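The structure under discussion appears below in the form of structure tokens.
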Amino acid sequence: MDTNVQKRRENKKSLRVKVISLGNAEVGKSCIIKRYCEKRFVPKYLATIGIDYGVTKVQVRDREIKVNIFDMAGHPFFYEVRNEFYKDSQGVVLVYDVGLRESFDALDNWLGEMKQEMGSQANMESIVFVVCANKVDLTKRRVVDEGEGRLWAESRGFHYFETSAQSGEGISEMFQAFFSSITDMCENGGKRPVAEVSVGFTKEQADTIRRIRNSKDSWDMLGVKPGATREEVNKAYRKLAVLLHPDKCVAPGSEDAFKAVVNARTSLLKNIK
Ligand code: GTP
Ligand code: MG
């Protein structure tokens, strides 16, 4: 075969991508990567110092993908080291520990740091995100349930996987979906495929469910000031009921949120003259 033709074919088939891992210190980023690349688990905590870099090759359909993995340190101390590694990433593995709520709440901050460091280059639509709800093997200490994690991820068009670097649960499925989406994106001219983001519910619905879950009392849940009138309570209730009614809303957790809103309204109306 003509060597130029052969070269062109090989170029089409091979692809180089850059992926990074993000999340608080000690949530298991390095262990997830180690479990996938080396098929082993290290129980002792060895904090990543700044950045760990590795390369792996994976096969997606007829393409060989050379993946450059930049495993970031989660500790705030290393901000100065990791900030320059955000740019030119095609994929991000966002990790939290299901036993530590603050590591889940921190996901927004990690996205914020990333956007800030990428500056004007920030085009989040050209990056594939996968969220790992990690350490699911430690069932007794779990505080962030699947519905909550999945909602946060899928409402943003991100993949969501329950993982355990310790047992291996979900790890290869997660990386397979991740690399396959990155390949789809590269073949789609650098745009995240549309199918991935159409999850059947809106960001407003997802954000409202999250707000309801985190509300401190019934007033807060309905989004009215303490001491609001019956009319104000009913108005707020109707708006939420339309948004979250189980017949209309398929977002995970919508049924519980809807019930909570009904109960909040009932208890408030009982005490308002
Ligand atoms: P930094 O590098 O400091 O940002 O932390 P990291 O997110 O890379 O955490 P690392 O992978 O080093 O894991 C932290 C600790 O959690 C280690 O003691 C691991 O053994 C433990 N660990 C990681 N994943 C799991 C898991 O799925 N289950 C359990 N039980 N422990 C885990
Ligand atoms: Mg690490």
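Not measured: the values here are computed from a predicted model. Counting starts at 1 for both ligands and their atoms, in listed order.
Ligand 1 lies under 4.0 Å from heavy atoms of Asn24, Ala25, Glu26, Val27, Gly28, Lys29, Ser30, Cys31, Phe41, Val42, Pro43, Lys44, Tyr45, Leu46, Ala47, Thr48, Ala73, Gly74, Asn134, Lys135, Asp137, Leu138, Ser164, Ala165, Gln166.
Cluster annotation: Ile272 is connected to Val224 through the hydrophobic network of ILVMFWY side chains, with a link wherever side-chain heavy atoms come within less than 4.5 Å. Hydrophobic clustering of Ile, Leu, Val, Met, Phe, Trp and Tyr side chains at less than 4.5 Å, counting indirect connections, keeps Phe41 apart from Tyr45. No path of Ile, Leu, Val, Met, Phe, Trp and Tyr side chains, each step under 4.5 Å between heavy atoms, connects Tyr79 with Val92, placing them in separate hydrophobic clusters.
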Residues 30-37 side chain polar contacts: donor-acceptor under 3.5 Å, at least two apart:
from, atom 1, to, atom 2, distance (Å)
Ser30, OG, Thr48, OG1, 2.8
Ser30, OG, Asp71, OD2, 2.5
Arg35, NE, Ala165, O, 2.9
Arg35, NH2, Ala165, O, 3.3
Arg35, NH2, Gln166, O, 2.6

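For the pair Arg150 and Trp152, the cation-pi criterion (under 6.0 Å, within 45° of the ring axis) is not fulfilled.
Tyr96 and Asn24 are not linked by any side-chain donor-acceptor pair at a separation below 3.5 angstrom, with hydrogens and angles left out of the test. For Glu113 and Tyr86, the side-chain atoms include at least one donor-acceptor pair closer than 3.5 Å.
Around the Mg ion (ligand 2), the protein contributes the following N, O or S atoms at distances under 2.8 Å: Ser30 OG, Thr48 OG1.
Among residues two or more places apart in sequence or in another chain, the side chain to side chain donor-acceptor pair (under 3.5 Å) test is passed with Glu232 by Thr229.
Taking CG of Asp220 as the reference point, atom CG of Asn214 lies at 9.5 Å (rounded to 0.5 Å).
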